Amino acid sequence: MSTNQYDVNLRYGVDITQSLAGKVAVITGGLGGIAMASNRMMLEKGAHLALLYPAFESAVKNQVVEELGDERVSYFECDVTDPAQVARVFQQVEQECGKIDILVNCAGYVHLEPAVETSFDQWQKNLAVNLTGPFLCSQAAARSMIARGQGGKIINIASQAASIAIDNHCAYTSAKAGLLGMTKVMAKEWAAHQITVNTLSPTVVLTPMGEKAWRGEKGEAMKKLIPLGRFAYTDEIAAAILFFSSNGSDMITGADLMIDGGFTIW
């Protein structure tokens, strides 16, 4: 009986510089706080960015164009909850940028209220933006990646609320928990195509929206539940996005990375 032998001195070839030179990354919610921190890091690493944004953020676009000031950034207006728009925009990205290597599903929506008071419209909107949008965009990106045959990276921004119970988060939690499950199935199905699919689950992040929602006594009470005693900063989430975009994460798929200061270890 023979046994397989492996050369334990071999190395995969991890690029410790995390270069993204020549890579095209699609970022949904591409003008938001977490996305902007990620945009800067990915540009520094050589990526070309395709930023998707909803129509109501059109006024912000010119400010972002000036702030980033880089010809390697393309902008596409897109409602990620609309199948026809997603299909059209991803075709436009391929035509303009040549390919899709990375997708970061960063678009999000939250409306907090007790479960008994949550309206059907709010329930639907939470699901549409936080779950249906990532599904449609991941599907479109994967089709492109599979056709090209060079693999790819899909990173979904979930939340600590996907794994634990937080008051007034029923609709949001349901959508983000669904995102975890969706990610695992996609990771399993697309592994044969060398496409990795993972989630990041942050605690409160100090974006303009996060700061506004958690300022004052409410925020101080929440920080007491976080062992590290503070909220997360946008560049900390961006650093994780960069890692999952680089070849150093090629052996990680179907995983959920908690970036919560220890909140979920209680």
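Residues take their numbers from the sequence shown, with the count starting at 1. Values in this document were obtained by computation on a predicted structure and should not be read as measured data.
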(request) Could you walk me through whether Arg148 and Asp101 pass salt bridge (charged side-chain N to carboxylate O under 4.0 Å, His left out), step by step? (result) CA-CA 10 Å; Arg148 185 164 167 265; Asp101 299 293; 3.1 Å; yes

(message) Classify the ring geometry of Tyr172 against His169: parallel below 30°, tilted from 30° to 60°, perpendicular beyond 60°.
(response) perpendicular

(request) Find the distance between NE2 (His193) and CD1 (Ile146) and round it off to the nearest 0.5 Å. (result) 4.0 Å

(request) Hey, could you give me the CD/OG distance between Gln18 and Ser249, rounded to the nearest 0.5 Å? (result) 8.5 Å

(message) Would Lys61 and Tyr53 count as a cation-pi pair here, with the cationic atom under 6.0 angstrom from the ring centre and within 45° of the axis?
(response) no

(message) Main chain of Leu257, side chain of Asn198: is a donor-acceptor contact present, judged purely on distance under 3.5 Å?
(response) no

(message) If we ignore hydrogens and angles and just use 3.5 Å, is the side chain of Arg11 paired with the main-chain N or O of Val8 as donor and acceptor?
(response) yes

(request) Nearest 0.5 Å please: distance from the CD1 atom of Ile164 over to the OG atom of Ser159. (result) 7.5 Å

(message) I'd like to know if the side chain of Thr173 and the backbone of Ala161 have a donor-acceptor N/O pair within less than 3.5 Å.
(response) yes

(message) If you apply the rule side chain to side chain contact (heavy atoms under 4.5 Å, CB included), what do you find for Ser174 with Trp123, and how did you get there?
(response) CA-CA 9 Å; Ser174 299; Trp123 172 266; 3.5 Å; yes

(message) Within a 6.0 Å radius of atom OH on Tyr233, are there more than 12 heavy atoms belonging to other residues, nucleotides or ligands?
(response) no

(request) Pick out which of Val93, Val26, Leu136, Val89 makes a side-chain contact (heavy atoms from CB on, under 4.5 Å) with Cys78. (result) Val89

(request) Using a cut-off of 6.0 Å, state whether more than 12 heavy atoms not belonging to Lys184 lie near its atom NZ. (result) no

(request) State plainly whether one hydrophobic cluster holds both Ile241 and Leu52, where clusters connect Ile, Leu, Val, Met, Phe, Trp and Tyr through side-chain heavy atoms under 4.5 angstrom apart. (result) no

(message) Which heavy atom of Val204 sits nearest to which heavy atom of Gln160, and what is that distance?
(response) N-NE2, 4.4 Å

(request) May I ask whether Val205 and Met209 are part of the same hydrophobic cluster, defined by side-chain heavy atoms of I, L, V, M, F, W, Y residues being less than 4.5 angstrom apart, directly or through others? (result) no

(request) Hey, could you give me the CD1/CE distance between Ile195 and Met145, rounded to the nearest 0.5 Å? (result) 6.0 Å

(request) Report yes if some heavy atom in the side chain of Pro227 is under 4.5 Å from a heavy atom in the side chain of Ile265; otherwise report no. (result) yes

(message) How close do Gly33 and Thr207 get, counting heavy atoms only, and between which atoms?
(response) CA-CG2, 4.1 Å

(request) State yes or no: do Ile27 and Ile157 share one hydrophobic cluster built from I, L, V, M, F, W and Y residues joined by side-chain heavy-atom distances below 4.5 Å, directly or via other members? (result) yes

(request) Without swapping roles, check the side chain of Asn247 against the backbone of Gly13 for a donor-acceptor pair under 3.5 Å. (result) yes

(message) Can you confirm whether Arg40 sits close enough to Leu68 that some side-chain heavy atom of one is under 4.5 Å from a side-chain heavy atom of the other?
(response) yes

(message) Hydrophobic cluster membership, with links at side-chain heavy-atom distances under 4.5 Å among I/L/V/M/F/W/Y: are Ile100 and Phe76 in one?
(response) yes

(message) Is it the case that atom CD1 in Ile16 sees more than 12 heavy atoms from other parts of the structure closer than 6.0 Å?
(response) no

(message) So which atom in Ala115 and which in Cys170 form the shortest heavy-atom distance, rounded to 0.1 Å?
(response) CB-CB, 3.8 Å

(message) We want to know whether Asp15 and Ser246 form a side-chain donor-acceptor pair, criterion being a heavy-atom distance below 3.5 angstrom.
(response) no

(message) Using side-chain heavy atoms (C-beta onward) and a distance below 4.5 Å, is Phe120 in contact with Gln124?
(response) yes

(request) Work out which heavy atom in Phe244 is nearest to a heavy atom in Lys153; give both atom names and the distance. (result) O-CD, 3.2 Å

(message) I need the minimum non-hydrogen distance between Asp256 and Ser201, along with the two atoms involved.
(response) OD1-OG, 2.7 Å

(request) Give the minimum heavy-atom separation between Ile34 and Thr234, together with the two atoms involved. (result) N-CG2, 4.1 Å

(request) Using a 4.5 Å cut-off on heavy atoms from C-beta on, say whether the side chain of Gln122 contacts that of Asn126. (result) yes

(request) For the residue pair Ser74 and Cys97, establish whether any side-chain heavy-atom pair is separated by less than 4.5 Å. (result) yes

(message) By the definition side chain to side chain donor-acceptor pair (under 3.5 Å), identify the one residue from Thr199, Thr28, Asn130, Asn105 that meets it with Asn156.
(response) Asn105

(message) Under 4.5 Å between side-chain heavy atoms, counting indirect links through other Ile/Leu/Val/Met/Phe/Trp/Tyr residues: same cluster for Ile102 and Ile237 or not?
(response) yes

(message) Evaluate Leu103 against Phe90 for side chain to side chain contact (heavy atoms under 4.5 Å, CB included), listing each step before the verdict.
(response) CA-CA 11 Å; Leu103 168 66; Phe90 272 76; 4.1 Å; yes

(message) Pair Glu211, Phe231 - check side chain to side chain contact (heavy atoms under 4.5 Å, CB included), show working.
(response) CA-CA 9 Å; Glu211 189 279 331; Phe231 295 142; over 6 Å; no

(request) For side chain to side chain contact (heavy atoms under 4.5 Å, CB included), just list the numbers for Met258 and Phe263, CA-CA rounded to whole Å, side-chain angles, deciding distance to a tenth of an Å, and then say yes or no. (result) CA-CA 9 Å; Met258 288 286 183; Phe263 188 97; over 6 Å; no

(request) Rounded to the nearest 0.5 Å, what's the gap from CG on Leu31 to CE on Met36? Could you check? (result) 7.5 Å

(message) For Lys212, I'd like to know if atom NZ has over 12 heavy atoms of other residues, nucleotides or ligands within 6.0 Å.
(response) no

(request) Find the distance between CG (Asn168) and NE2 (His111) and round it off to the nearest 0.5 Å. (result) 9.5 Å

(message) Any donor-acceptor pair under 3.5 Å linking the side-chain atoms of Ser245 with those of Lys45?
(response) no

